[in-house]
2 protein chains.
Amino acid sequence: MKPGPKRSLSGDVIVTAALKLLDERGGDAVSVRSIASEVGVAPNAIYTYFPDKVAVLRAVVDRLIGEQSLDVLADTGIPWRQRIHEVGLGLRKRLLDHPGATKLLLGAPMDGPRALEFGERLLDLLAEVGLSQEDAARASYLLIVYMLGSIALEAAELDPKMPAPPEKERINTRRKAFEAVPPQVFPRTAASTEVMAAYISTEQYVWGLDRVLDGLS
Amino acid sequence: MKPGPKRSLSGDVIVTAALKLLDERGGDAVSVRSIASEVGVAPNAIYTYFPDKVAVLRAVVDRLIGEQSLDVLADTGIPWRQRIHEVGLGLRKRLLDHPGATKLLLGAPMDGPRALEFGERLLDLLAEVGLSQEDAARASYLLIVYMLGSIALEAAELDPKMPAPPEKERINTRRKAFEAVPPQVFPRTAASTEVMAAYISTEQYVWGLDRVLDGLS
DNA sequence: ACCTGAACACCGTTCAAGT
DNA sequence: ACCTGAACACCGTTCAAGT
């Protein structure tokens with residue numbers, strides 16, 4: 001094969017290929033070599049666009065965060081809590097569509113451009129609502145920790161090779177797991193099987209978000 | 001070399017070796033082969049005690065969670081908020097001592113025996129405080145999400161090969177990073193540099209924990 | 001049951017060389 | 001500047017065989 005410029009390659013193309021592999025074949029299948037073969041290029045061509053493999057994966061995470069539109073946050077026609085609900089639920093949905101990628105979420109600092117944008121728009125809203133600059137900054141971090149933490153914990157239970165099954169099915173799976181908890185050793189855990197199983201529900205996610213918002217006001 | 005039983009090996013010995021490598025040489029240096037050579041055994045001997053590599057790493061995480069004593073949670077002589085503070089701060093300290101291991105925290109479900117024990121003791125306390133069974137279950141999950149989420153996000157910025165530097169130093173590093181944020185694009189983020197830098201402080205951790213606790217009561 | 005040697009099918013990354 | 005081929009120093013895991 002002849003070398004020479006192809007111009008078919010770019011950072012975006014590489015990120016897209018990595019995400020596709022992550023979704024279709026899971027985290028273990030994503031290698032520099034598999035990404036390269038997916039885009040039809042030699043493995044080391046990747047290094048023209050990224051310094052190393054982890055940089056590619058970080059770009060994948062930032063891409064997913066950027067997929068969530070933040071426009072609602074600025075929509076003063078909607079009550080502010082509801083705006084946060086909408087963005088929080090949207091982010092969760094988008095991330096859970098890519099369980100393989102979501103597992104990488106909290107392994108690296110959230111310092112990508114899309115993550116910064118997310119924080120900035122949250123600060124806008126919190127300032128509008130009347131929080132001081134300092135409280136707004138602290139609150140935005142708390143909200144991000146809550147959202148990403150619960151989404152990551154939720155994604156950890158999903159098969160990275162498959163799109164997430166419907167919520168009911170996921171709760172059933174968890175219920176079975178908790179029914180195996182020995183009641184003599186963990187009486188309260190065993191007694192709350194139903195609630196434990198529903199930890200990963202949309203309802204519990206919103207409940208937690210509301211408790212955090214209650215704590216802020 | 002002769003094969004034959006050695007009896008020097010056990011799951012615990014393997015976990016200890018893995019944690020040592022994680023601390024001294026970082027996540028990339030932890031391989032089945034390096035663990036095996038650390039304990040003086042052939043690589044495939046590991047598979048007598050664990051089904052695969054990720055099982056070893058999960059056991060490392062559960063070991064660290066188990067290191068935090070939960071006795072304070074049951075000490076009715078201390079105000080309940082303070083009990084949660086103590087356990088939360090203790091867990092944070094213990095995990096941040098092992099940044100390499102902490103990065104693995106939210107990549108797998110929290111279903112180890114020590115994690116279950118943690119949840120159960122939290123349920124005890126929340127029931128004592130007067131929460132209904134359902135609210136207690138939801139609240140314990142919220143608290144765990146908050147603690148693990150902020151600890152993981154904090155650990156993501158640390159060099160896995162080194163013990164965490166003192167807090168002041170870590171805040172200085174972050175401040176420098178945030179001073180590079182362009183104020184035209186992210187005005188609020190840039191204006192709050194000082195608070196953003198302090199996201200990883202003990203004080204912000206406790207502040208967030210208190211907001212969550214406020215939301216619960 | 002517990003361990004070994006050898007092998008299989010891979011990795012991430014570097015380097016010199018081609019256009 | 002952008003890409004290739006070839007190589008280096010590794011991986012996780014399996015399998016048959018020894019005690």
Side-chain angles (χ1 to χ4, degrees), chain A residues 1-61 100-101 103-104 107-108 159-161, chain B residues 1-61 100-101 103-104 107-108 159-161:
Chain A
M1 250 209 195
K2 308 286 149 66
K6 284 205 162 188
R7 309 275 79 232
S8 69
L9 209 52
S10 71
D12 262 354
V13 171
I14 291 168
V15 168
T16 303
L19 184 55
K20 189 186 173 197
L21 285 167
L22 226 25
D23 290 344
E24 290 175 1
R25 309 208 272 121
D28 292 344
V30 182
S31 61
V32 173
R33 294 173 119 100
S34 62
I35 297 169
S37 111
E38 177 74 29
V39 299
V41 93
N44 40 5
I46 306 294
Y47 292 87
T48 309
Y49 299 88
F50 294 94
D52 51 30
K53 188 190 172 181
V54 307
V56 178
L57 295 175
R58 285 222 240 171
V60 170
V61 169
K103 287 184 188 184
L104 313 167
D159 182 345
K161 273 160 287 186
Chain B
M1 251 209 196
K2 308 287 151 64
K6 283 205 163 190
R7 310 276 77 235
S8 69
L9 208 52
S10 72
D12 262 354
V13 170
I14 291 167
V15 168
T16 303
L19 184 55
K20 190 187 172 194
L21 286 167
L22 226 25
D23 290 343
E24 290 175 0
R25 309 209 271 120
D28 291 344
V30 181
S31 62
V32 174
R33 295 172 120 101
S34 63
I35 297 169
S37 111
E38 177 75 29
V39 300
V41 93
N44 39 3
I46 306 294
Y47 293 87
T48 310
Y49 299 88
F50 293 94
D52 52 28
K53 187 190 172 182
V54 306
V56 178
L57 295 176
R58 284 224 241 171
V60 170
V61 169
K103 287 184 189 185
L104 313 166
D159 181 345
K161 272 161 287 186

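Note: hydrogens, waters and symmetry copies are ignored here, and every other heavy atom, side chains too, is used. First the proteins, then the strands, lettered A, B, ... as listed; each starts at 1.
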query = What integer number of Å spans the C1' atoms of dA17(D) and dA1(C)?
reply =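 About 14 Å, rounded to a whole number of Å.
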Proximal nucleotide (of [options]) relative to the [X] side chain:
{"X": "T48(B)", "options": "dC3(C), dT13(D), dC3(D)", "result": "dC3(C)"}
{"X": "V41(A)", "options": "dC3(D), dT14(C), dG12(D)", "result": "dC3(D)"}
{"X": "V32(B)", "options": "dG12(D), dC3(C), dC2(D)", "result": "dG12(D)"}
{"X": "K53(B)", "options": "dG12(C), dC3(D), dT13(D)", "result": "dT13(D)"}

Contact under 4.0 Å: S31(B) side-chain N or O vs dC11(D) OP1/OP2 =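 Result: yes.
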inquiry  = Measuring to OP1 and OP2 of dC3(D), would you say a side-chain N or O of Y49(A) lies under 4.0 angstrom away?
reply    =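 Indeed, a polar side-chain atom of Y49(A) lies that close.
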Mate of [N] where both pairing distances stay under 3.5 Å, Watson-Crick or G-U:
{"N": "dA17(D)", "value": "none"}
{"N": "dC3(C)", "value": "none"}
{"N": "dA9(D)", "value": "none"}

query = In whole Å, what is the span from the OH atom of Y47(A) to the P atom of dA17(C)?
reply =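 To the nearest whole Å, that distance equals 21 Å.
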message = Output the rounded distance in Å from CG (L57(A)) to P (dC11(C)).
response =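 Value for this atom pair: 14 Å.
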ask   = Taking the nucleotide of DNA chain C with the closest heavy atom to each, which residue, P51(A) or S34(A), is nearer the 5' end?
value =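 Going by which nucleotide is closer to the 5' end, it is S34(A).
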key: Nearest heavy-atom neighbours spanning P160(A) and K103(A)   =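 Residues P160(A) and K103(A), closest heavy atoms: CD-NZ, 3.8 Å.
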